[in-house]
Each structure stands twice: as structure tokens, then as C-alpha cells.
Protein chains: 2
Amino acid sequence: MRKQGSPSLQREPSGEAFGRKPITARELARMLGVSQSAVSRAFTPGASIAADLRERILKYAAEVDYQPNAIASMLSKSRTNIIGIVVSDMQNPFYPGLIEKLSRSLQRIGLQSLLFNITKGSNLEEQLSALRRYNVDAVIVISATILSGSTLSWATEGRPAILINRVIEDTNLSCVACNNVEGARAIADHFHRQGARRVAYVAGLSHTTTNRERQSGFVTRIAELGMTLSAQIEGREYSYYAGRKAALEIAAGKNTDAIFFANDILAIGGIDALREEAGCRVPDDILVAGFDDIPMAGWPHYNLTTFRQPVDEIVRVVVEMIEGDTSALLRAATTIRLSGELIERRSTGAEPDAE
Amino acid sequence: MRKQGSPSLQREPSGEAFGRKPITARELARMLGVSQSAVSRAFTPGASIAADLRERILKYAAEVDYQPNAIASMLSKSRTNIIGIVVSDMQNPFYPGLIEKLSRSLQRIGLQSLLFNITKGSNLEEQLSALRRYNVDAVIVISATILSGSTLSWATEGRPAILINRVIEDTNLSCVACNNVEGARAIADHFHRQGARRVAYVAGLSHTTTNRERQSGFVTRIAELGMTLSAQIEGREYSYYAGRKAALEIAAGKNTDAIFFANDILAIGGIDALREEAGCRVPDDILVAGFDDIPMAGWPHYNLTTFRQPVDEIVRVVVEMIEGDTSALLRAATTIRLSGELIERRSTGAEPDAE
DNA sequence: TTGAAAGCGTTACCAA
DNA sequence: TTGGTAACGCTTTCAA
């Protein structure tokens with residue numbers, strides 16, 4: 001191989017102003033007159049090594065700024081301590097918060113997050129091949145859309161995978177999701193309590209599980225309550241502008257008391273459009289509710305009633321699943337539903353508690 | 001080592017239902033009756049190997065689903081193809097978009113993004129030690145705050161590092177930043193054109209370079225134009241609520257024609273507070289401008305005049321720096337300033353063009 | 001162009 | 001508890 005050099009000479013013979021090559025365990029061992037195995041043991045928590053030897057090694061290591069090379073460790077252990085996080089849109093404000101919490105929780109237990117930002121346009125398999133080559137220990141999929149179950153199985157290739165807020169039946173993929181049906185029913189109940197009788201639903205991406213569950217949960221419950229479904233806008237995207245457009249269509253019908261939007265960003269667009277283009281007052285003329293409880297929903301301007309996703313719980317459960325026996329995840333894929341919480345705010349005429 | 005097994009036996013002797021262990025280059029070579037080196041060469045773009053041999057290997061590899069193990073390659077090449085991305089707050093909506101574009105551009109040239117989400121609370125060195133152990137090829141720092149130059153130098157340890165929107169003097173760190181001074185001056189000029197004479201500035205985090213540059217650029221320019229600085233709110237955070245609070249303080253003074261907020265999220269909070277709490281009309285009573293041009297700024301409800309950061313350019317330049325000779329980055333740290341664009345919208349009384 | 005073999009820096013097995 | 005040493009799966013040098 002190229003870089004050999006005499007033991008005491010660290011620098012490249014060439015003039016590369018590259019930072020010094022980091023010291024290795026073998027060098028450290030030689031300097032201390034111990035075996036290289038000892039060095040490895042000193043850095044391995046449960047290893048059988050005398051306390052004083054370990055201390056001596058760690059102390060000296062700190063002095064010469066030695067740190068075990070994680071790459072070599074990965075190769076040797078066949079474990080990377082890297083979790084692949086597959087994301088497809090970070091524009092929906094719900095996701096950045098989730099990703100942030102997730103990566104921090106993982107970091108806290110020594111796991112790093114490798115981000116895979118997939119786009120619908122290009123070749124998915126190509127984008128995901130890195131997921132396999134990098135030998136990530138597990139995969140967390142946050143993208144509500146795009147990936148088919150089979151593509152995902154291919155990409156994870158026998159690695160534990162956990163989907164967040166997306167349920168795929170008939171596969172060996174685990175899921176952690178908010179109880180969307182419960183949430184949607186809670187919104188329906190709340191609308192009913194607030195006196196609405198003619199209600200509308202605005203879908204997000206119609207084929208996503210989040211949307212389907214929220215939609216059917218809502219529609220079912222309003223029927224049970226004897227309310228009328230005055231409108232149902234189908235199959236747009238989860239975006240502010242889609243929310244505006246849907247709201248205007250509904251307002252034009254003049255036969256709706258309350259609108260449930262599939263998520264907050266839609267609802268926020270809806271509120272703006274209702275107030276500024278349709279000339280409706282929210283909540284006086286029409287009630288509006290969303291889903292997620294993104295930070296914006298709490299802003300005084302929107303004051304949006306919504307169903308809060310249990311983000312912290314979701315993160316906790318996902319991290320626990322990964323931290324625990326990961327091979328158990330492979331043996332039996334589990335789907336976990338977590339309860340959220342109805343947050344009543346002014347957009348449905350509720351008097352918000354002090355928050 | 002433990003997992004040995006006879007050549008044709010792939011599974012663990014124990015009952016682990018773990019997915020089959022992936023095939024290695026050596027096995028592939030043996031199956032094809034070629035050398036393992038040949039397999040390696042087949043997957044190495046410029047390698048000297050006969051075209052037909054390569055083709056035969058690649059074809060067979062595809063059949064048996066072989067992919068080179070990236071970890072082994074890292075160890076052997078001392079190159080990981082991983083870029084560390086250091087982030088500290090993903091709540092400011094400007095960042096998710098940037099991170100998304102960045103990671104996609106990197107992916108396109110075969111580089112993966114390892115996310116380091118640092119929190120101010122806990123021990124920074126501990127959080128960043130992984131950055132060193134994982135041998136990332138380069139580091140991109142998106143956090144406007146938190147890290148001192150020296151901590152950063154320690155963490156990157158001789159690796160190329162690029163700061164986005166943060167300029168650190170006197171170090172060997174490269175920077176790519178928006179021309180904040182130019183932007184702030186453009187806002188001042190625009191205010192002047194719109195007839196404002198008494199203007200206020202609302203700072204973000206006062207010690208950040210983005211804030212300092214925007215502030216001094218603005219203050220200097222309004223002086224040149226003979227305008228009055230009617231108020232200057234110092235040292236809050238970059239948040240919606242900080243914007244609200246600052247706006248109310250300024251409105252209470254009743255002596256301000258226009259407010260320049262250090263970024264859009266502040267400005268958006270400001271607009272809401274002015275309209276809904278202070279009873280001011282924007283832009284009729286007071287003009288408001290921000291900085292960044294986040295998606296929300298374009299929403300009809302806000303219609304915020306702002307200075308658009310050249311995000312695509314920033315990403316392009318950063319990726320080029322990394323793609324190019326990275327050791328050059330180490331020899332001479334460069335600071336690159338990119339021009340943005342004034343986006344005139346209704347919050348300063350401008351009639352927006354069709355966008 | 002090809003193959004053999006020496007690393008890369010760890011971990012884990014085996015004796016001592 | 002320790003040290004020696006064989007993997008881990010590649011890349012790259014060196015000869016052929």
C-alpha cells in the first residue's frame with residue numbers, strides 16, 4: 001500500500017499539507033509497551049481488563065489524542081452504529097422537528113443518522129443502493145409517500161426497518177404510527193360539540209395511510225353522529241396552497257359549518273384563504289381543524305384546533321425498538337399505535353387554556 | 001473470528017433469523033473463476049481491466065445481488081464518502097430547505113450526509129467526537145450559532161470544513177455566505193424608495209455574523225440616506241415570538257415607518273403582532289421587511305418583502321468546494337460571498353410581479 | 001491486463 | 001487478565 005513510512009515518521013513524504021494522520025491503537029500500544037489488544041479492551045466497556053491498565057491507557061490516549069477508528073471497528077464488528085433515515089419531504093414543517101428529535105435521541109445512545117433524501121423523480125433503487133452498501137444497522141423511514149413496500153424491503157435487505165406514520169401490511173416492516181383514526185374521530189366529536197352539523201374533509205395525498213385513516217375515521221364518525229358530509233376534497237398534496245384551494249371550493253358551496261383538513265399545513269392555508277379570499281370569519285362562520293400540531297398551529301394568528309401527534313412518544317418507541325434486540329424486529333414486525341391529544345384552540349371556537 | 005462457516009454455507013449455525021449475509025467480492029470471484037482483484041477493478045471506474053471481463057463480472061454481480069461493501073472500502077481507501085453536516089436548529093424554516101438541497105446534491109455525486117444535531121445544553125466535544133471518529137471526508141456547518149471557531153477546529157481535526165452563513169476570521173475554516181451587507185443595504189434603499197424615513201431594526205441572535213452584518217449594513221445605509229433609526233431591538237432569538245414582541249415594542253413608540261427584521265420568521269411574527277395586537281395596518285401604517293425568503297414569506301397572508309438568500313448557489317458552491325480538491329480547502333481557507341436578490345412584496349407596499 | 005498478496009485499524013478468539 | 005493473531009472485505013502495489 002502507499003502510506004507506509006517509518007514508525008516514527010507520521011507525515012507524508014510529499015508536501016501535502018494534510019493534517020497529521022491520526023495515531024492508531026498499535027502505535028499507542030507500542031508507546032506504552034502493552035499489546036494492541038489491551039488498547040482495544042481499554043475502550044470496550046465490558047471488556048476484561050485490569051482497572052489500572054485501562055486507566056493508564058485511557059489517560060495516555062487522551063494525551064496523544066487517540067480515538068479508536070470507527071470505520072475499522074465497523075468492519076470488524078459488522079456493526080456501524082449508523083441508522084439510515086429515509087426522508088422525502090422536509091418542507092412539511094412536521095418533519096424537521098421529528099427528524100431533529102430523532103437524531104438527537106439516537107445520538108444520545110451513540111447512534112449516528114445517515115440521511116437519505118429521496119426524490120420521486122429519479123431512480124429510487126439507485127438512490128437507495130447506498131442504504132445497502134453502507135451497512136446501516138437499521139432504517140427509519142419518515143417519508144409518508146413514494147416508497148412501495150417491496151422497494152423498501154429490497155433496500156433494507158434484511159436490516160431492521162421501522163416506518164413512521166406509515167403502515168404497510170403483509171411485509172416484515174415494523175411501523176410506529178399515530179392513531180389517526182382516534183384523532184379523526186376526536187375532531188369529529190369536537191365539531192359536533194361545537195355545534196357543527198355540516199362538515200367537510202380535505203384530503204392530503206389520498207393514497208397515504210395517514211390520509212386514508214384520517215379520512216375514514218372522520219367520515220365514519222360523523223355518520224355515527226348523524227352529521228352531514230357536505231364536501232370532500234380529494235387527493236391533493238399536503239401543502240399550504242392545496243389547503244387554500246380546497247377551502248375556497250368548500251366556501252363556495254356555502255353549506256359547510258366546519259372543515260377538517262388532513263394536516264395542519266393544509267388547514268393553515270385554508271384559514272388564510274377563508275378569511276382573506278372567501279370573506280369568512282374563522283371560527284364565527286366556519287370552524288377549522290387540522291392534524292399534527294406543528295408549531296405554527298399555536299401561533300396566535302392561526303390558533304388552530306388540531307390533533308397533536310405524540311412526537312416524543314414516537315421517537316421514544318422507535319429508539320427503543322432499535323436499541324433493543326434489533327433481530328427481534330426482523331423476526332416479528334410489529335405495528336405500534338400511539339395516542340395523540342386533541343388540542344382545542346380558537347379556530348373551532350374553543351377558548352384555549354393557558355398553554 | 002466467530003463467523004466462519006464452510007464456503008457454501010451462508011447461514012449462522014444458530015437459529016438467528018437474520019437476513020442472509022451479503023456475498024463478498026472473494027466469493028463472487030471464486031464463482032466466476034477470476035481473481036478478487038478483478039472484481040474490485042470491475043467496480044472501480046478508471047481501473048485497468050478488459051471491457052469484457054468487467055462486463056461479465058458486473059452482469060454476474062447483478063444476478064447474485066453483489067454490491068461492494070462500503071465499509072471495507074472506506075477502511076482501505078481512507079475515504080468515507082461521507083460528509084458530516086452539523087446543524088443546531090432545524091426549527092427555523094430556512095434550514096430544512098437548505099439541508100434538503102444540500103444532501104440531495106451531495107447524493108448526486110455519491111456522497112452521503114451524516115447528520116450531527118448539536119444542542120447547546122450538553123457537552124459539545126462529546127457530541128462532536130463522533131465527527132472525528134467517523135472519519136468524514138468533510139464537514140459542513142449550518143449552525144449559525146453555538147460553535148466557537150476553536151471547538152470547530154478541534155472537531156474537524158484537519159478535515160476540510162465549510163461554514164454556511166457564518167464567517168470566522170483567523171482560522172483555517174472556509175465559509176460560504178450570503179452577502180448580508182448587500183442585502184441589508186438593499187432593504188434600506190427599498191424602504192427609502194417607499195418613502196419611509198424613520199426605520200427600526202430587529203436583531204436576531206446579536207452575536208451571530210448574519211445578524212451583525214445585516215445590522216451594521218442596514219444601520220450604515222440608513223445613515224447614508226439620511227434616515228432615522230427610530231428603534232433597535234437587540235439580541236433576541238430568531239423566532240416568531242421574538243418578532244412579535246419586538247414589533248409591539250416598536251409600535252408602542254409610534255415613531256417608526258418601517259421595520260427591518262433580521263430574518264423572515266421574526267418578520268412574520270412581527271406582521272401578525274402589528275396587525276392583530278397593535279392595530280397597525282401593514283403596509284399602510286408601517287412597512288415590514290425580512291431576510292431569507294422562506295416559503296412562508298411568499299404566502300398571500302404575509303406577502304413579505306425580503307432579501308432572498310441564494311440557496312441554490314450556496315449549495316452549488318459548497319458542493320463544488322467539496323467535490324474539487326479538498327486538500328486545497330485545507331491549505332487556503334476561502335470565504336465566498338454570494339449575492340442575493342431583493343424580493344419586493346406587499347408588506348412594503350410594493351406591487352408584487354406575477355411570480 | 002491479470003493475479004497474488006500486503007495492508008487499512010479494529011475486534012474477538014485462543015493460549016498462556 | 002493478558003498477548004498474539006486471524007479475520008472483517010476491500011484497494012493497491014508489485015510481478016508476471
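If you're wondering where the values come from, they're calculated on a predicted model, not measured in any experiment. So that the names make sense, note that chain A is the first sequence line, chain B the second, and so on, each numbered from 1.
Along DNA chain C, the nucleotide nearest B:I49 and the nucleotide nearest B:L75 are compared for position; the residue whose nucleotide lies closer to the 5' end is B:I49.
Taking atom CG of B:D52 as the reference point, atom C1' of C:dT2 lies 12 Å away to the nearest angstrom. Counting to the nearest Å, the C1' atom of C:dG3 and the CZ atom of B:R54 are 17 Å from each other. If you measure from atom CD1 of A:I23 to atom P of C:dC8, you get 15 Å, rounded to the nearest angstrom. Rounded to whole Å, the distance from CZ on B:R132 to P on C:dG9 is 16 Å. The NZ atom of A:K21 sits 10 Å away from the C1' atom of C:dG9 (whole-angstrom rounding). The separation between B:N81 atom CG and D:dT11 atom P is 11 Å, rounded to whole Å. Rounded to an integer number of Å, the gap from CG of B:L28 to P of D:dT11 is 13 Å. Nucleotide C:dC13 holds its P atom 13 Å from the NZ atom of A:K77, rounded to whole Å.
Closest non-hydrogen pair, B:A177 versus B:N165, comes out as CA-OD1, 3.5 Å. Summarising the geometry of A:V86 relative to A:V139, their closest heavy-atom pair is CG2-CG1, 3.9 Å, with the distance given to 0.1 Å. Taking every heavy atom of both residues into account, A:A61 and A:F43 meet most closely at CB-CZ, 3.8 Å. Here the closest non-hydrogen pair linking B:T24 and B:Y66 is C-CE1, 3.6 Å.
Each of A:I142, A:N117, A:T119, A:I118 was scored for a side-chain contact (heavy atoms from CB on, under 4.5 Å) with A:S88, with one residue passing: A:I118.
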Please tabulate the protein-to-nucleotide N/O contacts below 3.5 Å involving nucleotides 3-5 of chain D, giving atom names and distances.
| from | atom 1 | to | atom 2 | distance (Å) |
| --- | --- | --- | --- | --- |
| D:dG3 | OP2 | A:S35 | N | 3.3 |
| D:dG3 | OP2 | A:S35 | OG | 3.0 |
| D:dG3 | N7 | A:R41 | NH1 | 3.2 |
| D:dG3 | N7 | A:R41 | NH2 | 3.3 |
| D:dG3 | O6 | A:R41 | NH2 | 2.7 |
| D:dG4 | N7 | A:S37 | OG | 3.0 |
| D:dG4 | O6 | A:S37 | OG | 3.1 |

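With sequence neighbours left out, B:T151 forms a side chain to side chain donor-acceptor pair (under 3.5 Å) with B:S148.
Residue A:A50 has its side chain nearest to D:dT1 when only D:dG9, C:dA12, D:dT1 are considered.
In the region residues 56-71 of chain A, proximity to DNA chain C at under 4.0 angstrom, judged on heavy atoms, holds for A:Y66, A:Q67, A:P68, A:N69.
Side-chain contact, A:T80 with A:N135: no donor N or O sits under 3.5 Å from an acceptor N or O.
Evaluation of atom-type donor-acceptor distances gives no pair under 3.5 Å for the side chain of A:S73 against the base of C:dT10.
At a threshold of 4.5 Å between non-hydrogen side-chain atoms, the residues B:I140 and B:L102 count as touching.
Separating the OG1 atom in B:T156 from the CG atom in B:L152 is a distance of 5.5 Å, to the nearest 0.5 Å.
Residue A:S40 is classed as a base contact, given a heavy-atom separation below 4.0 Å to a base.
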